[in-house]
Amino acid sequence: NMKKTITRFAPSPTGYIHIGNVRSAIYPYLIARQNHGTFILRIEDTDQARYVEGATELIEDTLNWLGLEWDEGPIVGGPNAPYFQTERKAHYLEWAKKLILAGRAYIDPTPSDQIDQYRAADQANKVPYLYRNHRPTTATKTPAENLAMLDLGHPIRFKTIPKDYQWHDEVMGDLKTGPEVCDDIILIKKDGLPTYNFAHIIDDTEMGVTHIARGVEYLSSMPNYLALYEALNIDRPLFLSLPHILAPTGNKKLGKRDGAKSVTEYRDDGILPEAMLNYLACLGWNDGTEQEIYDKDELISAFSIDRIQNSGARFDEVKIYWYNGQWIRKIATEQGTEALYARTADFWPTSANSEPDEYKIQVLSIIYDRLKTLSDLKTMTDYFFVDPIINLDLIKDNKFLKKLSESELISLLTLTIERLNDVSDWSEQNLQNELNELLQKSGKKPAEFFSLIRLAVSFAPFSPALHQTLSVLGQNRVLARLNAVRTALANS
């Protein structure tokens with residue numbers, strides 16, 4: 001308990017960053033920060049066949065975007081460098097030699113086709129395939145004889161001693177297995193690179209990692225990990241097995257086929273990092289209160305391992321957008337529209353490119369509370385920057401306006417144009433007063449009168465409050481559009 005808390009996120013650079021990958025970074029990050037410890041980023045790149053160029057940079061970029069800064073790892077360095085497993089080959093070989101000298105590992109020259117035959121024979125005989133039942137003669141040779149074979153390009157295997165294992169998982173509780181799951185796993189492959197099963201134990205040991213958070217899929221391998229800890233005389237860290245994030249149906253692990261996008265795709269769609277962090281942290285964890293919106297500092301303060309649920313949590317994309325809408329409003333109201341505007345550069349319609357920042361901030365100030373993502377700006381604000389195409393069918397088919405004749409519509413527009421033409425104070429409050437007086441003079445219901453004006457100036461499915469929309473558009477734009485619609489109706 002007196003040890004400094006050290007956690008790690010150790011992804012493989014094999015492609016895009018999945019939702020589940022990121023949650024496996026968030027929890028150890030929160031644990032480290034809450035305990036004033038160290039959070040390490042380590043790149044497990046030993047699977048060279050699946051290595052994807054640029055994937056490491058994508059991992060770093062995603063963590064930086066979410067605000068999950070690491071204390072040790074690529075870019076920042078640290079006392080346990082290097083942080084790429086392919087650069088740590090000598091470390092793994094030294095530990096493997098220790099096991100060989102202790103009689104707990106051996107060189108395995110067995111060809112892969114022979115191993116396939118062992119597996120097929122066991123399946124045919126309906127017995128579990130365990131490599132320890134097919135050990136080569138090298139398993140009985142002396143340590144010196146095995147060490148003499150190190151340079152021959154053969155794998156190094158662990159020599160297991162089958163036994164019962166018991167351990168405690170901080171999420172799953174007390175667990176145990178029998179000797180039937182213990183096997184002679186490969187430690188170092190013939191290419192000289194370690195397997196995950198061996199490398200992560202060595203890295204975690206050398207880096208002093210105290211908490212290992214990873215998916216429940218690794219539980220089946222725990223007996224072999226425990227056997228290695230025991231053979232190497234290494235103290236066990238704390239284990240946190242994180243349940244799967246489930247597909248929306250709840251019956252399987254979430255996959256790309258279930259509609260879940262990469263974190264980068266959500267970012268490009270206009271999801272805020274605060275919203276993504278908030279959603280993923282709460283996907284399988286809660287602090288027992290009704291609170292749903294947490295900033296990073298609040299998560300650090302509230303997080304506790306014992307509140308991680310031990311069953312899968314369903315992925316709900318609708319909830320991500322809900323969180324995002326909440327965070328858009330939170331930033332705008334607490335930090336100001338300018339702070340939100342600073343996040344929007346890539347999301348405006350092309351028609352806004354030539355407009356000044358001040359005008360776009362005005363538009364954002366009246367539209368932000370309707371946004372689910374920042375990308376909604378592209379479809380929801382175009383009419384603020386370019387005159388909309390006049391579509392009289394939208395007026396004539398409107399449920400509030402379809403009972404009105406063209407002459408009535410023209411009269412209402414004329415009444416509005418004449419009144420607004422004389423307005424010198426184009427502020428929101430004064431426009432609200434003018435619209436209310438116009439409504440009284442029109443003799444129409446609010447839904448009829450306001451729907452006509454709203455459609456005439458925007459031809460959009462919806463718009464912010466009418467007085468706000470008119471104020472931002474400005475007197476010249478508003479009058480020009482009202483006149484254009486009146487002319488179109490007269491000529492229809």
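Owing to the predicted nature of the structure, the values given are computational and were not obtained by experimental measurement.
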**Request:** Begin with the C-alpha distance, continue with both residues' side-chain angles, and end with the deciding distance and a verdict on salt bridge (charged side-chain N to carboxylate O under 4.0 Å, His left out) for R88 and E94.
**Result:** CA-CA 10 Å; R88 299 175 61 82; E94 286 305 308; over 6 Å; no

**Message:** With salt bridge (charged side-chain N to carboxylate O under 4.0 Å, His left out) as the criterion, how do R370 and D376 come out once you've worked through the C-alpha distance, each side chain's angles and the decisive distance to 0.1 Å?
**Reply:** CA-CA 9 Å; R370 292 176 177 266; D376 289 341; over 6 Å; no

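Side-chain contact annotation: Y294 with D287, donor-acceptor N/O pair under 3.5 Å present. If you check the side chains of N80 and E206, you find no donor sitting under 3.5 Å from an acceptor.
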Side-chain donor-acceptor pairs of residues 99-108 under 3.5 Å, sequence neighbours excluded:
unit_1	atom_1	unit_2	atom_2	d
R104	NE	K159	O	3.0
R104	NH2	K159	O	3.2
Y106	OH	D184	OD2	2.8
D108	OD1	T110	N	3.1
D108	OD1	T110	OG1	2.6
D108	OD1	Y131	OH	3.1
D108	OD2	Y131	OH	2.7
D108	OD2	R157	NE	2.6

Throw together a table of side-chain donor-acceptor distances under 3.5 angstrom for residues 210-223, partners on residues two or more places apart or in other chains.
unit_1	atom_1	unit_2	atom_2	d
T210	OG1	I6	N	2.9
T210	OG1	I6	O	3.1
R214	NH1	Y196	OH	3.1
R214	NH1	H200	NE2	3.1

Exercise answer: donor-acceptor pairs, residues 53-61 side-chain atoms, under 3.5 Å, sequence neighbours excluded:
unit_1	atom_1	unit_2	atom_2	d
D61	OD2	R267	NH1	2.9
D61	OD2	R267	NH2	2.7

Please list every donor-acceptor pair under 3.5 Å in which a side-chain atom of residues 118-127 meets a protein atom from a residue at least two apart or in another chain.
unit_1	atom_1	unit_2	atom_2	d
R119	NH1	D116	OD1	3.4
D122	OD2	H134	NE2	2.9
N125	ND2	A121	O	3.1

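L147 is listed as a side-chain neighbour of K97, based on a closest heavy-atom distance under 4.5 Å. Annotation: side chain of F239 is not in contact with side chain of L175 (no heavy-atom distance under 4.5 Å).
Within the 3.5 Å criterion, the main-chain N or O of F384 finds no donor-acceptor partner in the side chain of T381. Using a distance-only test at 3.5 Å, with no hydrogens or angles considered, a donor-acceptor pair links the side chain of S12 to the main chain of E44. N146 contributes no side-chain N or O that, together with a main-chain N or O of P143, makes up a donor-acceptor pair within less than 3.5 Å. With hydrogens and angles disregarded, no donor-acceptor distance shorter than 3.5 Å links the side chain of E355 to the backbone of D357. A side-chain donor-acceptor contact under 3.5 Å links E145 to the backbone of T142. Using modelled atom types, one side-chain atom of Q34 and one backbone atom of I300 make a donor-acceptor pair closer than 3.5 Å. Without hydrogens or angle criteria, T344 side chain to Y341 main chain gives a donor-acceptor distance under 3.5 Å.
Shown here are the side-chain contact (heavy atoms from CB on, under 4.5 Å) partners of N310, two or more places apart in sequence or in another chain: V171, M172. Every residue two or more places apart in sequence or in another chain that forms a salt bridge (charged side-chain N to carboxylate O under 4.0 Å, His left out) with E292 is listed here: K319. In this view, W167 satisfies the ring pair (Phe, Tyr, Trp, His ring centres under 6.0 Å) rule with no residue, not counting sequence neighbours. Listed by chain and number, the residues in a side-chain contact (heavy atoms from CB on, under 4.5 Å) with D47 are A49, R50 (sequence neighbours excluded). Take S351 and apply the side-chain contact (heavy atoms from CB on, under 4.5 Å) test, not counting sequence neighbours, and it matches P349, D382, F385, V386. For Y29, the ring pair (Phe, Tyr, Trp, His ring centres under 6.0 Å) test picks out F39, with sequence neighbours left out. Not a single side chain to side chain donor-acceptor pair (under 3.5 Å) links T195 to another residue, sequence neighbours left out. Checked against side chain to side chain donor-acceptor pair (under 3.5 Å), T379 has no partners two or more places apart in sequence or in another chain.
Expressed to the nearest 0.5 Å, how far CD of E230 lies from NZ of K163 amounts to 3.5 Å. One finds the CD atom of E69 at 13.0 Å from the CD1 atom of I75 (value rounded to the nearest 0.5 Å). Taking CE of M380 as the reference point, atom CH2 of W348 lies at 10.5 Å (rounded to 0.5 Å). Taken from OG1 in T469 to CD1 in I366, the straight-line distance is 4.5 Å, to the nearest 0.5 Å.
Partner F315 forms a side chain to side chain contact (heavy atoms under 4.5 Å, CB included) with one of L280, I19, T249 and no other, that one being I19.
The pair D268-K261 does not meet the salt-bridge criterion, since no charged nitrogen lies less than 4.0 angstrom from a carboxylate oxygen. A salt bridge between D204 and R8 is present, with a side-chain N of the basic residue lying under 4.0 Å from a carboxylate O of the acidic one.
For W70 and F9, the ring centers are positioned 6.0 Å apart or more.
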